[in-house]
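For reference, the structure discussed in these notes is given below.
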Amino acid sequence: MFVPLTVNDFLKRAETVYPDRIAVIDEPEQPANPVSPQTYRQVAAAARAQAAALDDMGVPVGGRVAIASHNSARLLTSFYGVSGSGRVLVPINFRLTASEVEFIVEHSGAEVLLVDPELDEHLAGVTARHRLVLGESDDFLFPAGRVGATWEGDESATATINYTSGTTARPKGVQLTHRNLWLNAVTLALHATITDRDVLLHTLPMFHANGWGTPYAVTGVGGQHIVLRKVDGAEILRRVEAHGVTLLCGAPAVLAMVLQAAATWDGPIPGRDRVRVVVAGAPPPTRTIERIQSELGWEFIQIYGLTETSPLLTMSRQRAEWDHLDSAGRARMLGRAGAPTLGVDLQIDPEGEILARGNVVLESYWAQPDQTDAALAGGWFHTGDGGTIDDGYLSISDRKKDVIISGGENVSSIEVEDVILHHPNVREVAVVGIPDDAWGEAVTALIVTDGTALTAQDIITHCRASLAGFKCPKHVEFRDALPRTATGKLQKFLLRQDFWAGQDRQING
Ligand code: AMP
C-alpha cells in the first residue's frame, strides 16, 4: 500500500490521540488578539478554518502563502492550515528589510501575505493580492467552525519554500516537499527521543528551516509547544521553570545568553537534569558545551544541516562509549557535528567539501534551475561546508569559502575562533582571510570584547600559547558588534567584503 506522507499526518495523530491536551501556549506578549492556550482539537480546527479562508480567497493548490511573523501560535497553525491544504507556505525572516521581504514575496509569486502586527508599519509598502495582518484579521483568516476543502495529499508536492538568508548575496528559495519534511521530523524525533512528555520552548525562529522540523515532530507525538517571541537569556530560564520545558533548540549564541543569565540567576537552575538543548548553525566552542552541562545541567546535543536538507544531516549526542570520559573529553566528542542520521549518506569530495544524499535533501531552488543543478551535481548535494569524517563522525572544519590559505598552509578559521573565545575578555570573534602580499592570505581576527581594553598583541600572545604560528592572526581589529543572521550565524561575507573590495577573486595564493 502506498499512502502519501504529508504534514497532515502529524496534526491528525495529535488530534486523534491527544485531542484535549494543551498543544500550544502562545507568547503572553503577543501583539493584537493573543491566542489563548489551545488544545490539539482546537489547533486542528483552526488549521481547517484557515484552509477554508484560503479557499474563499481563491488560492489554488500549489499557490504560495507568505508569512512574515515572529514566533506565534498563528504561525504554528499555518504550517498545517497552509501546507496541509496543499498550498505552499513561505515563512519569511521577520528581521529582513522591507525590500528584502518584497523580493521574496515577488520571487515566490505569493498570492497571500500574512504580516505580524508589529511588522505592519515596517512592511507597509509590501503587498500581494491579499495582504492580511495577523491578529487583526483572525475572524477572516481562521473563521470559526469552517472547514476547507480536503486536499488529497501528494508527498512530492512542495510544502514550504524557505528563503536562505545571510550566507549568499541573493536569497534562494529552498523548495521542501511533504516527504522531505515528514522524514526530517520523524528522524529528528527518533534521534532526539522526542516523546509525548516533551515540552518544547520555541527559542528558534519557526521561519528558519521550519523550526528544524519541531512544529511537526513535537505535534506528531503530542508534546507541547511554548511560544517565545524574543530571545532573552533570563526569560528563557523563567519559561523553562514555569512550563516544565524539556527541549529547546538554538544557535550557540542563544546558549551563550542563557549561560550569561544563569550566572546571576537566584536559586537552582531551572530544568537541571531535564532539559535537552539541540544546537546548530555554528560549531559551538567546547568551553560552551562544558558549561551547558556543568553550569546548567542540561544535555547538549549538536546537529548539523542546512535549510536545503530540511535540515537534519548529522547528530552528536552522548553515547554509552563516552560515559567514562571526563567533562572535557565528552565536550570534545560533542563538539563534532555528529554522525549521519538515519537515511543520510555523507562523503567528503577531493576538495574537502561535504556532500550529502538522502530524502531530506531539497527538491530544487524555486525558479533557479542553474543553482539547483549546481547544488545537486553528480547526484549529491553540495553543502559548501568543509569537513572531515572520522570514526563515522563528521567534523566541520570550515565553510568552504572560509578556509584561509596562508603561506600555503590551510588554516581553519573555526579553530582559531575557538581558541580566541577561550580568552576570558573576548565575547565574540570572527576570523577571516584577507589578501596579503607576503602570505597570500593573512589570518585576521575581528573581535568584540566584554569592555576590557585589549591590544592586538594580547590576542596574538594568547593564540601563540595553543596554535601553530601560521594559524595565529596577523591582524586583529576590535569592533562594537559583528553582523549576524536572525539565528545568530556570523555573516562573514559581510566582514570579508571590506577587505576584498576591488579584487576579482575571493582567494589569494
Ligand atoms: P542555514 O541553511 O541558514 O541553516 O545554514 C546552514 C549552514 O550553517 C551550514 O551550511 C553550515 O555552514 C552552518 N552549520 C549548521 N550547523 C552547523 C554545525 N553544527 N557546525 C558548524 N556549522 C554549522
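Positions are given from 1, in the same order as the sequence printed here. In listed order, ligands and their atoms are each counted from 1.
Ring geometry, His202 versus His225: the interplanar angle falls under 30°, so the pair is classed parallel (tilted spans 30 to 60°). Note on ring orientation: taking the six-membered ring where Trp is involved, the planes of His70 and Phe94 are parallel (angle under 30°, cut-offs 30° and 60°).
A salt bridge does not link Arg332 to Glu290: none of the charged side-chain nitrogens sits closer than 4.0 Å to a carboxylate oxygen. A salt bridge does not link Arg330 with Asp323: every distance from a Lys NZ or Arg NE/NH1/NH2 to an Asp or Glu carboxylate oxygen is 4.0 Å or more. Using a 4.0 Å cut-off between a side-chain N of Lys or Arg and a carboxylate O of Asp or Glu, Arg272 and Glu295 do not qualify as a salt bridge.
Within the 4.0 Å heavy-atom criterion, the part of Ile303 lying near ligand 1 is the backbone and not the side chain. The side chain of Ile396, and not its backbone, has at least one atom closer than 4.0 Å to an atom of ligand 1 (non-hydrogen atoms only; side chain from C-beta on). Residue contacts with ligand 1 for Thr307 involve both N, CA, C or O and side-chain atoms from C-beta outward (heavy atoms, distance under 4.0 Å).
Heavy-atom proximity to Gln302, at under 4.0 Å, picks out these atoms of ligand 1: 18 (C), 19 (N), 20 (N).
The shortest heavy-atom distance from Gly338 to ligand 1 is not under 4.0 Å.
Residue Tyr304 places no N or O, backbone or side chain, under 3.5 Å from any N or O of ligand 1.
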